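This one's a predicted model, so the numbers in the text were calculated from it and none came from an experiment. Note that ligands are numbered from 1 as they come in the structure, with each ligand's atoms numbered from 1 the same way.
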Amino acid sequence: MKVLLAGGAGYIGSHTAVELSKAGYDPVIVDNYSNSSPIAISRCEEILGKSLTFYEADVTDKEALRAIFTKEQPDAVIHFAGFKSVDESVRMPLLYYRNNIDTTLSLLEVMREYDVSSFIFSSSATVYGENAQIPCVETDPTGGCTNPYGWTKLMNEEILKDAALAITNLRVVLLRYFNPAGAHESGLIGEDPKGIPNNLMPYVTQVASGKLPFLKVFGNDYPTVDGSGVRDFIHVVDLAKGHVAALEYAKNHTGVEIFNLGTGRGVSVLELVNAFVDSTGVDIPYEIVDRRPGDLAEVWANPSKAKELMNWQATKTIGDICADAWRWQSNNPQGYE
Ligand code: NAD
Ligand code: UDP
């Protein structure tokens with residue numbers, strides 16, 4: 001079965017390409033490399049010991065998509081292609097609304113032309129918004145997003161729900177990722193943020209490598225286990241396997257289904273730092289600074305629906321996440337460059 005991975009050269013897409021291929025699927029990667037490198041694809045090929053099909057194209061370019069659909073005849077689409085920086089989305093909202101929504105609309109329109117019905121979408125825990133109830137359950141209210149990036153995820157969910165109401169054979173799976181982290185155990189592929197990372201795990205690995213002097217822990221006065229923020233860090237390979245499960249699920253279900261992809265375990269920032277030191281032996285100097293505006297005290301998933309309906313659950317530990325992230329960072333100090 002051929003699966004078109006829009007944005008498949010990126011962090012989550014590349015790991016998913018590997019897991020799909022290992023599970024017997026035939027991934028077709030489409031990416032414009034706006035936040036990735038074709039080297040990620042050659043690394044996937046190295047892991048798999050076989051070549052992959054890929055195209056450099058903008059997913060908002062329907063003519064380019066039509067040419068790829070005509071040639072490849074995909075059976076399903078997984079849509080990772082989008083911009084993902086919260087800060088940047090506040091500074092450049094139009095760019096974010098344009099790219100993150102136009103990619104979805106273009107894919108859906110071309111899928112209709114080619115009678116492709118399965119669509120897996122990269123959503124986020126951010127759709128639960130600032131009033132998120134913990135642990136988050138798929139039936140909880142959504143909205144109250146605190147930045148344009150979050151709204152693009154929620155708007156995409158609404159677009160896909162409406163599309164599935166009107167188009168009877170559409171099969172949509174909305175995957176709400178919690179905090180993807182870590183890297184493939186080979187150390188060949190991983191997260192390669194441009195500039196100074198915003199997210200915790202790549203920041204920690206760059207402190208460990210000496211690229212950054214110390215970690216700023218954003219707040220130690222939250223009502224949490226140790227005062228620092230608590231998140232549900234999910235190993236990117238577990239997350240990638242969630243996409244394999246979602247494709248299997250979509251084979252037998254029309255309409256829309258929503259799944260949290262998280263571990264169900266909250267880990268605090270300071271616990272993550274300690275886990276990193278324990279599993280790598282590398283010290284992480286840190287300072288406590290003010291809270292980051294817009295951050296919630298704790299966010300973690302109830303992942304039981306994914307277990308029940310897709311037989312998927314995360315298996316890797318926070319120690320695995322730290323060890324694999326560090327292997328990737330130390331083997332590739334400049335990322336894919
Ligand atoms: P990423 O930036 O590494 O991957 C996205 C890929 O899409 C990149 O390779 C980029 O070049 C490509 N892309 C962007 N716009 C494109 C376009 N118009 N045409 C073609 N390619 C385009 O990000 P990621 O971490 O792999 O995230 C994948 C998806 O998951 C994104 O939609 C993101 O919003 C979502 N998500 C990520 C996280 C996270 O923490 N990483 C959490 C929740 C949801
Ligand atoms: N965080 C931190 N220092 C950093 C980056 C993040 O203390 O340099 C904290 C942040 O306040 C939050 C957690 O780490 O409690 C996860 O942040 P991240 O940006 O990785 O994910 P998100 O905020 O999207 O959950």
Side-chain angles (χ1 to χ4, degrees), residues 5-16 29-38 40-41 55-61 64-65 78-87 89 95-96 98-104 106-107 120-127 132 146-147 149-150 152-153 156 175-181 189-194 196-204 206-207 212 214-220 222 224 228-234 236 239-240 243 261-262 266-270 272-273 286-300:
L5 305 189
Y11 172 46
I12 300 167
S14 55
H15 289 81
T16 303
I29 293 170
V30 180
D31 205 300
N32 64 0
Y33 308 127
S34 53
N35 195 40
S36 56
S37 162
I41 302 173
Y55 294 89
E56 179 173 359
D58 194 307
V59 174
T60 63
D61 178 349
L65 283 183
I78 308 184
H79 179 19
F80 304 100
F83 297 144
K84 63 166 181 178
S85 159
V86 167
D87 285 357
S89 80
L95 182 76
Y96 270 66
R98 168 64 68 190
N99 193 49
N100 290 7
I101 290 171
D102 217 354
T103 46
T104 303
S106 302
L107 283 167
I120 317 292
F121 178 66
S122 298
S123 191
S124 166
T126 192
V127 301
T146 52
N147 54 74
Y149 167 73
T152 68
K153 289 294 161 194
N156 269 309
L175 299 178
R176 292 180 178 160
Y177 308 157
F178 280 68
N179 288 62
I189 55 173
E191 190 168 10
D192 183 17
K194 291 197 162 76
I196 296 176
N198 292 312
N199 294 116
L200 179 62
M201 195 70 230
Y203 205 104
V204 166
Q206 294 197 11
V207 171
L212 295 168
F214 62 92
L215 172 70
K216 292 179 204 146
V217 174
F218 297 142
N220 68 345
Y222 286 109
T224 60
S228 64
V230 169
R231 295 291 183 274
D232 187 338
F233 298 96
I234 173 166
V236 65
L239 189 72
H243 296 75
L261 295 186
V267 172
S268 79
V269 174
L270 294 173
L272 183 142
V273 168
Y286 67 84
E287 281 181 16
I288 309 290
V289 301
D290 287 346
R291 293 179 180 191
R292 183 171 65 178
D295 273 357
L296 302 182
E298 353 190 54
V299 184
W300 75 83

NZ or CZ of Arg231 within 45° of Phe178 ring axis and under 6.0 Å: no
Compute the minimum heavy-atom distance from Ala6 to ligand 1 and say whether it is under 4.0 Å. no
Quick check: does Tyr11 get an N/O under 3.5 Å from an N/O on ligand 1? yes
Close residues (non-hydrogen atom under 4.0 angstrom from ligand 2) work out to Asn179, Asn198, Asn199, Leu200, Tyr203, Leu215, Lys216, Val217, Phe218, Gly229, Arg231, Val269, Arg292, Asp295
Tell me, which protein residue and heavy-atom name are nearest atom 2 (O) of ligand 1, and how many Å apart are they? Asn35 ND2, 2.7 Å
When you measure from the side chain of Lys153 to the backbone N and O of Asn100, does any donor-acceptor pair fall under 3.5 Å? no
Considering only heavy atoms, which of Leu5, Asp58, Ile12, Asp102 lies nearest to atom 26 (O) of ligand 1? Ile12
Nearest-contact summary for atom 24 (P) of ligand 1 - protein heavy atom, Å: Lys84 NZ, 3.8 Å
State the atoms of ligand 1, each with its element, that fall below the 4.0 Å cut-off from a heavy-atom position in Ser122. 29 (C), 30 (O), 32 (O), 35 (C)
d(Thr126 OG1, Asn147 CG) to nearest 0.5 Å is 5.5 Å
Taking 4.0 angstrom as the limit and counting only heavy atoms of Gly10, give me the atoms of ligand 1 inside it, by number and element. 3 (O), 4 (O), 9 (O), 26 (O)
Within the distance-only criterion (no hydrogens, no angle test), does the side chain of Ser228 pair as donor or acceptor with the backbone N or O of Leu270 below 3.5 angstrom? yes
Pairwise distance CG(Asp232) to CD(Glu298) - rounded to 0.5 angstrom: 11.5 Å
Any side-chain heavy atom of Thr103 sitting closer than 4.5 Å to one from His79? yes
Tell me whether Ala125 reaches ligand 1 (any heavy atom closer than 4.0 angstrom to a ligand atom). no
Validation row: Leu107, Val59 side chains within 4.5 angstrom (heavy atoms): yes
N or O contact, Ser123 vs ligand 1, cut-off under 3.5 Å: no
State the atoms of ligand 1, each with its element, that fall below the 4.0 Å cut-off from a heavy-atom position in Tyr33. 11 (O)
Taking distance alone, with no angle check, do Thr60 and ligand 1 share an N/O pair under 3.5 Å? no
Quick one: which ligand 1 atoms are inside 4.0 Å of a heavy atom on Pro180? 38 (C), 39 (C), 40 (O), 41 (N), 42 (C)
For Phe80 and His243, I'd like to know if the aromatic rings sit close, meaning centre-to-centre distance below 6.0 Å. yes
Atom 6 (C) of ligand 1 sits nearest the protein heavy atom Gly7 O, 3.5 Å
What's the shortest heavy-atom distance between Ala297 and Thr224, and which atoms? O-CG2, 3.8 Å
Taking Asp58 for its side chain and Thr60 for its backbone only, find out whether a donor-acceptor pair lies under 3.5 Å. yes
Under 3.5 Å: N/O of Phe83 near N/O of ligand 1: no
Between Asp102 and Arg98, is the closest basic N to carboxylate O distance under 4.0 Å? yes
Where ligand 1 meets Ala57 - atom numbers and elements under 4.0 angstrom, heavy-atom basis: 19 (N), 20 (C)
Looking at Tyr286, I'd like to know if its OH atom is crowded, meaning that more than 12 non-hydrogen atoms belonging to other residues, nucleotides or ligands lie closer than 6.0 Å. no
Can you check whether Leu95 reaches Phe83 side chain to side chain, under 4.5 Å on heavy atoms? yes
For atom 19 (N) of ligand 1, which protein heavy atom lies nearest, and how many Å away is it? Val59 N, 2.9 Å
Using a 4.0 Å cutoff against the non-hydrogen atoms of Thr103, which atoms of ligand 1 qualify? 18 (N)
Could you tell me whether Tyr149 approaches ligand 1 through its side chain, its backbone, both or neither, with non-hydrogen atoms closer than 4.0 Å? side chain
Element-labelled atoms of ligand 1 that are located less than 4.0 Å from some non-hydrogen atom of Ser124: 43 (C), 44 (C)
Can you tell me how far CG of Asp31 sits from CD1 of Ile41, rounded to the nearest 0.5 angstrom? 6.5 Å
Shortest protein contact, atom 17 (C) of ligand 1 (heavy atom only): Asn32 ND2, 3.3 Å
What do you reckon, does Lys153 put a non-hydrogen atom under 4.0 Å from ligand 1? yes
What's the shortest distance from atom 10 (C) of ligand 1 to any protein heavy atom, and which residue and atom give it? Asp31 OD1, 3.4 Å
To the nearest 0.5 angstrom, please state how far the OG atom of Ser106 sits from the CD1 atom of Ile101. 11.5 Å
With rounding to the nearest 0.5 angstrom, report the CG to OG distance, Asp192 to Ser14. 10.0 Å
For ligand 1, is any non-hydrogen atom under 4.0 Å from Asn99's backbone (N, CA, C, O), its side chain (CB onward), both, or neither? side chain
Check the orientation of Tyr149 and Tyr96. Use parallel for under 30°, tilted for 30 to 60°, and perpendicular for over 60°. perpendicular
Considering distance alone, does some N or O of Phe80 sit under 3.5 Å from an N or O of ligand 1? yes
Closer than 4.0 Å to some heavy atom of Ser34 - which atoms of ligand 1 meet that? 10 (C), 11 (O), 13 (N), 14 (C), 15 (N)
So do Leu175 and Ser123 actually touch side chain to side chain, heavy atoms under 4.5 Å? no
